[in-house]
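Counting starts at 1 for both ligands and their atoms, following the listed order. Here, residue 1 is the first one in the sequence, and each next residue gets the next number.
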Amino acid sequence: MCAWKSELYCTAFNKQQLPPSNRPEIVFVGRSNVGKSTLINALLARKIAKVSSSPGKTRSINFYNVEAEGRLFSLVDIPGYGYAARGHGERQAWWKLIDDYFGSGRNISFVVHLIDFRHGPLPNDCDLTKWLDVKGLLRLVVFTKGDKISPGRRNGLYQQYMRSGIVSVLPPFVTSGVDDQEMEALRRGITEILDELGRMGDI
Ligand code: GDP
């Protein structure tokens, strides 16, 4: 059962619409169609983010305020990147929005980077990873669509990704849409990181 309480707090299409940064923010990033909305809905145990089978729809940054057993923080849903049908202009607009968000001195705790378990990190995942490294942001890797890989192949694939040098503050999670146990483990992982950052005085 999900003990987190959540509400959509703000939807921002540009810098002017970004809300004041008054809580630690956990930022969810990933390629279009990676399963970010599905994961956010599963994590918050409510249909709050829009799930779409046609990629590249979300253009706004959505802020969800969360209360998790006394902890107050926001989940920040960044539009997906790398949708092939997008033109140069749209990619520029995406980077501008990302730059505006990450460059405005916000209280960012860490980034949850979603990666499709079937494909592993693709070139634009790696571009984003390098960019986040430059910004010095902590990352938690979460693989999505684990259910699309047969149970017998999962462990081998996981080890293969780990050997390829994935950096993650906790061992990456593998998720399969809406699995209660997986979601509970991920909630615990997220609050563990927040608590540790709190002890270190980082938030
Ligand atoms: P977003 O664009 O990253 O927000 O992706 P969505 O959450 O909208 O999901 C894109 C598509 O992938 C939808 O058709 C989802 O039903 C599907 N999907 C998302 N996560 C999973 C998963 O873990 N397993 C499977 N099999 N399908 C998923």
Any ion pair linking Asp116 and Lys148 (charged N to carboxylate O, less than 4.0 Å)?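 The answer is no: the pair does not qualify as a salt bridge.
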Can Lys96 and Asp100 be counted as an ion pair, charged N to O under 4.0 angstrom?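 Salt bridge between Lys96 and Asp100, a charged N being under 4.0 Å from a carboxylate O: yes.
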Asp180: which residues meet the side-chain contact (heavy atoms from CB on, under 4.5 Å) condition with it, sequence neighbours left out? none
Heavy-atom nearest option to [atom], drawn from [options]:
atom: atom 22 (C) of ligand 1; options: Gly177, Gly146, Gly35; result: Gly177
atom: atom 21 (C) of ligand 1; options: Lys148, Lys145, Arg31; result: Lys145
atom: atom 25 (C) of ligand 1; options: Val34, Ile40, Thr144, Asp147; result: Asp147

Which pairs, with at least one residue in residues 2-14 and sequence neighbours excluded, count as a side-chain hydrogen bond (donor to acceptor under 3.5 Å, both in side chains)? Thr11-Asn62
Would you check whether Ser176 reaches within less than 4.0 Å of ligand 1, judged by its heavy atoms?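 It does; at least one heavy atom falls under 4.0 Å.
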Neighbour count above 12 (heavy atom, 6.0 Å) for Gln159 CD: yes
In ligand 1, the atoms that come under 4.0 Å of a heavy atom of Thr38 are 6 (P), 7 (O), 9 (O), 15 (C), 19 (C), 20 (N)
For ligand 1, find out whether one of its N or O atoms is nearer than 3.5 Å to an N or O atom of Asn33.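 There is such a contact, yes.
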